[in-house]
Amino acid sequence: MARKRKKPVRHRKPAANPPRQSASDAKVPFWARRIDILEQFLPEESAAEKPYWRGVWWALAAGLLLRAAIALWGDFSIHPDEIFQYLEPAHGLVFGNSIEYWEFFYGGRSWLVPGAVASVLWICGALGLDDPAVYIAAVKLVFCLASLAIPLSMYAIGRRLFGEHSGRLALILGTFWFELVGYAHKPMTEFLATPLLLLLIILAIGPMSLARAAAIGAVAVLVVAVRFQYGVPVAALGLLGLLRSSGSERVAMVVVGLASLAAVGLFELLVWGEWFHSYWLNYNLNLIWNVSREGESEWYQYLIWISLASTGAVVVAVFASGWDLKRRWLLLALSVLILLTHMIQPHKEYRFIFAVIPLWLLLFADAVAAGFSGGSERSSGGLLNSPWKIVGVSWAAVVSILGLMNAIPFQQHLSVAYSNETGKINYLRDQDPIFKAYRTANRDPALQGLLDLSRAYFNTGGYYYIHREVPFYQLSAIRTIEGMAEGDLRRYVTHIVATGPNEVGLLGELSDEEKTPVLQIDGEFRLLPMIVHRAETGTLVLVDRNGGSKTLDGFELIEDYGDLTLWASVDRESPVRKWRQYRLFPDNEYRQDTIRKILGDRTPPPVPDQGLQFAE
């Protein structure tokens with residue numbers, strides 16, 4: 001009779017940070033004891049102790065090429081803040097000319113991100129590479145390179161919490177998911193704080209040491225300094241790190257954290273003249289005095305956006321987390337904290353919760369790798385060795401391809417703020433032609449002045465794209481500057497950005513005290529006087545305050561971009577009126593009363609006439 005073979009006894013590998021439950025613990029004060037609440041949830045054999053998978057570097061190289069291709073091919077802005085809160089201030093700091101909105105006039109923004117952009121622009125300028133075609137590409141590529149920290153961190157987190165194969169799948173998803181690719185070159189605080197937050201997760205869940213504890217303190221402060229709205233999940237990770245640390249490690253974490261906080265405050269003192277000035281002002285404006293945005297969107301708006309962008313994959317990730325909460329509770333809890341803290345704010349934009357995207361992708365990756373099954377070998381085998389993995393990877397691949405082609409159903413509703421600020425998020429198709437128009441104008445040596453009739457300053461490319469010390473006017477200039485309303489444009493500009501041909505309708509008037517005259521153009525009423533690209537004649541026409549029209553002679557169409565057209569003066573040699581300085585300050589008068597409620601007598605007086613002063 002054959003003997004039954006005994007089942008091999010499986011020994012659990014000692015944890016890197018075993019809880020200190022020995023007799024010597026009686027001599028350790030309670031506050032100094034290590035409480036490792038992660039130990040029982042980690043895989044039996046942590047992949048984090050093994051060398052990195054060799055495919056990591058190939059995946060990241062492919063991810064960099066894809067990000068660079070999208071960044072260099074795609075001229076699109078996801079929100080006016082992208083240019084006027086980060087790129088334009090950096091351009092003004094390095095090259096002098098810029099359009100400075102109220103945030104940087106009153107000090108409502110930190111200089112950390114614009115300062116990083118400015119460092120790239122300064123290097124380009126020092127090397128003689130101050131052409132927009134060069135420095136814009138350089139800035140994009142630098143941020144593309146920095147964005148690779150997201151998929152790399154996803155791999156490190158996945159292998160630590162779930163095992164090697166879940167980590168590899170998370171790496172692939174993080175490398176090629178369309179939002180992580182398409183936003184990679186954008187200098188927005190959400191996109192830069194996210195890799196830092198992921199790094200904080202890595203530090204908080206890894207084997208504790210004195211150096212790691214100190215790093216947690218520094219990185220936690222840096223995340224909040226870049227985007228203070230991520231403070232709640234940062235606090236949760238800081239608490240996790242404190243619990244898992246010994247007494248000396250906790251002291252190091254707190255001391256380094258306080259020192260880092262002091263450094264951020266000192267930086268604010270140097271640039272704004274007050275400790276933590278931009279954070280205090282931003283907090284008050286957005287959470288205390290932001291009553292005008294009440295009722296702007298529903299509390300569940302983020303749930304709609306993220307479900308739409310993922311085509312429902314996020315629901316699978318959440319369901320899988322509930323199925324095996326012991327395994328996935330940490331990432332689910334962090335996602336919930338980010339969502340809840342942003343849901344209570346009246347103003348919502350999808351990019352605000354960007355950090356949730358790699359977190360739900362991690363949960364989705366583990367659900368796909370584990371196949372919703374039990375057992376300790378849930379993430380074994382190759383990347384595509386099961387139906388679950390094939391379906392999951394195929395799903396993500398199809399969604400990412402559709403996303404980059406702007407073909408996900410209702411994708412046009414993503415990342416659109418309810419304040420109706422323009423942002424045309426088209427990665428590869430139907431891109432905003434404003435940037436092409438500005439590039440063309442920049443390359444024309446005869447450019448002496450530019451008038452953009454198509455939009456307000458905050459929706460343009462700014463001096464960051466023009467990069468010429470020339471007068472730059474928006475549509476309102478022809479209503480405020482004497483002489484321009486009479487059609488004497490040649491004294492002021494050599495180039496005009498206009499809309500495509502418009503259908504001009506009836507003349508009307510607003511129901512205000514002055515009965516302001518308006519003209520119906522393509523179904524919408526516009527204030528008069530204004531300049532119209534008339535469809536009937538294919539010419540630029542000045543419509544005066546009484547509705548009379550006059551063809552603008554002396555300008556010819558040089559580029560037609562469909563939605564936009566670029567015109568230039570026939571005689572480009574004659575000089576135009578110059579400015580004393582090429583720095584504009586729109587909107588700082590409008591904010592004066594609100595800012596004064598916060599800053600009191602410290603409020604700087606507004607700059608009259610938006611800073612526009614003619615040299616003669």
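Minimum interatomic distance between Pro358 and Leu180 (heavy atoms only, all atoms of both residues): CD-CD2, 4.4 Å. Across Ile338 and Pro233, no two heavy atoms sit closer than the pair CG1-CG, 3.7 Å. Closest of all the heavy-atom pairs between Cys144 and Ala68 is SG-N, 4.1 Å. The shortest non-hydrogen separation linking Glu100 to Phe104 is OE2-O, 3.5 Å. Looking at every heavy atom in both residues, Val356 comes nearest to Ile306 through CG1-CD1, 3.5 Å. For the residue pair Leu152 and Leu171, the shortest heavy atom distance occurs at N-CD1, 4.4 Å.
The backbone N or O of Ile304 lies less than 3.5 Å from no partner atom in the side chain of Ser307, so there is not a single donor-acceptor pair. No donor-acceptor pair closer than 3.5 Å links the side chain of Arg244 to the backbone N or O of Met208. Looking at Tyr463, its side chain does come within 3.5 Å of a backbone N or O of Val470 through a donor-acceptor pair. In this structure a side-chain-to-backbone donor-acceptor pair under 3.5 Å is missing from Arg212 to Ser209. In this structure, the side chain of Arg439 does not engage the main chain of Ala133 through any donor-acceptor pair within 3.5 Å. No donor-acceptor pair under 3.5 Å is formed between the side chain of Asn442 and the backbone N or O of Tyr438. Of the possible polar contacts, one joining the Arg67 side chain to the Thr175 backbone as a donor-acceptor pair under 3.5 Å is found.
Counting heavy-atom neighbours within 6.0 Å of Trp579 CH2, excluding the residue itself, gives a total above 12. More than 12 heavy atoms of other residues, nucleotides or ligands shown are found within 6.0 angstrom of CH2 on Trp329. At most 12 heavy atoms of other shown residues, nucleotides or ligands fall within 6.0 angstrom of atom OH in Tyr300.
Defined by atom type and a distance below 3.5 Å, a donor-acceptor pair is present between the side-chain atoms of Ser278 and Glu268. Residues Glu88 and Tyr457 have side chains that never bring a donor and an acceptor to within less than 3.5 angstrom of each other. Side-chain contact check for Gln474 and Ser476: at least one donor-acceptor pair (N or O, by modelled atom type) lies under 3.5 Å.
Between Leu447 and Ile466, some side-chain heavy-atom pair lies under the 4.5 Å cut-off. In this structure, the side chains of Arg109 and Asp81 come closer than 4.5 Å at one or more pairs of heavy atoms. Considering only heavy atoms from C-beta on, Phe191 stays 4.5 Å or farther from Ser147 through its side chain. At a threshold of 4.5 Å between non-hydrogen side-chain atoms, the residues Leu303 and Val314 do not count as touching. When side chains are defined from C-beta on, Ile595 counts as touching Leu281, because their heavy atoms get closer than 4.5 Å. Under the 4.5 Å side-chain criterion, counting only non-hydrogen atoms from C-beta, His467 is in contact with Tyr135. Put simply, the side chain of Val497 reaches to within 4.5 Å of the side chain of Leu450, judged on heavy atoms. At a threshold of 4.5 Å between non-hydrogen side-chain atoms, the residues Tyr106 and Ile598 do not count as touching.
Aromatic rings of Trp305 and Tyr302 (six-membered ring for Trp) have centroids within the 6.0 Å cut-off, being under it. His342 has its ring centre less than 6.0 Å from the ring centre of Tyr230. Not less than 6.0 angstrom separates the ring centroid of Phe84 from the ring centroid of Phe458. Residues Tyr350 and Tyr183 place their aromatic rings such that the two centres sit no closer than 6.0 Å. Taking the six-membered ring where the residue is Trp, the centroids of Phe76 and His185 are separated by under 6.0 Å.
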_From CA spacing to verdict: side chain to side chain contact (heavy atoms under 4.5 Å, CB included), Phe267, Trp111_ = CA-CA 9 Å; Phe267 179 74; Trp111 269 100; 3.9 Å; yes

*Show your reasoning for whether side chain to side chain contact (heavy atoms under 4.5 Å, CB included) applies to Arg160 and Ile201.*
CA-CA 11 Å; Arg160 170 69 177 170; Ile201 296 174; over 6 Å; no

*Under the side chain to side chain contact (heavy atoms under 4.5 Å, CB included) rule, what do Tyr464 and Leu121 come out as? Steps first, then yes or no, please.*
CA-CA 10 Å; Tyr464 183 74; Leu121 297 182; 4.2 Å; yes

*asked:* For Phe228 and Phe276: C-alpha separation, side-chain torsions, deciding distance, then whether ring pair (Phe, Tyr, Trp, His ring centres under 6.0 Å) applies.
replied: CA-CA 12 Å; Phe228 73 85; Phe276 303 105; over 10 Å; no

*Could you walk me through whether Ile136 and Phe435 pass the side chain to side chain contact (heavy atoms under 4.5 Å, CB included) test, one step at a time?*
CA-CA 11 Å; Ile136 290 175; Phe435 305 110; over 6 Å; no

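Atom CZ of Phe472 and atom CG of Leu612 lie 12.0 Å apart (nearest 0.5 Å). Phe354 contributes atom CZ, which lies 12.5 Å from atom NZ of Lys186 (distance to the nearest 0.5 angstrom). How far OG1 of Thr460 is from CG of Asp452: 6.5 Å, rounded to the nearest 0.5 Å. Taking CG of Leu222 as the reference point, atom CG of Leu192 lies at 10.0 Å (rounded to 0.5 Å). Phe614 contributes atom CZ, which lies 11.0 Å from atom CZ of Arg580 (distance to the nearest 0.5 angstrom). The distance from atom CD of Gln613 to atom CZ of Arg583, rounded to the nearest 0.5 Å, is 14.0 Å.
No option in Leu359, Leu362, Leu330, Val318 other than Leu359 meets the side-chain contact (heavy atoms from CB on, under 4.5 Å) test with Ser335.
Among residues two or more places apart in sequence or in another chain, the salt bridge (Lys or Arg N to Asp or Glu O under 4.0 Å) test is passed with Glu103 by none.
Residue pairs meeting the side-chain hydrogen bond (donor to acceptor under 3.5 Å, both in side chains) criterion with at least one member in residues 188-198, sequence neighbours excluded, are Glu190-Arg227, Glu190-Arg351.
Ionic pairing of Lys140 and Asp75 is present here: one or more N-O contacts between side-chain nitrogen and carboxylate oxygen are shorter than 4.0 angstrom.
Ring planes of Phe352 and His347: perpendicular class, angle over 60° (limits at 30 and 60°).
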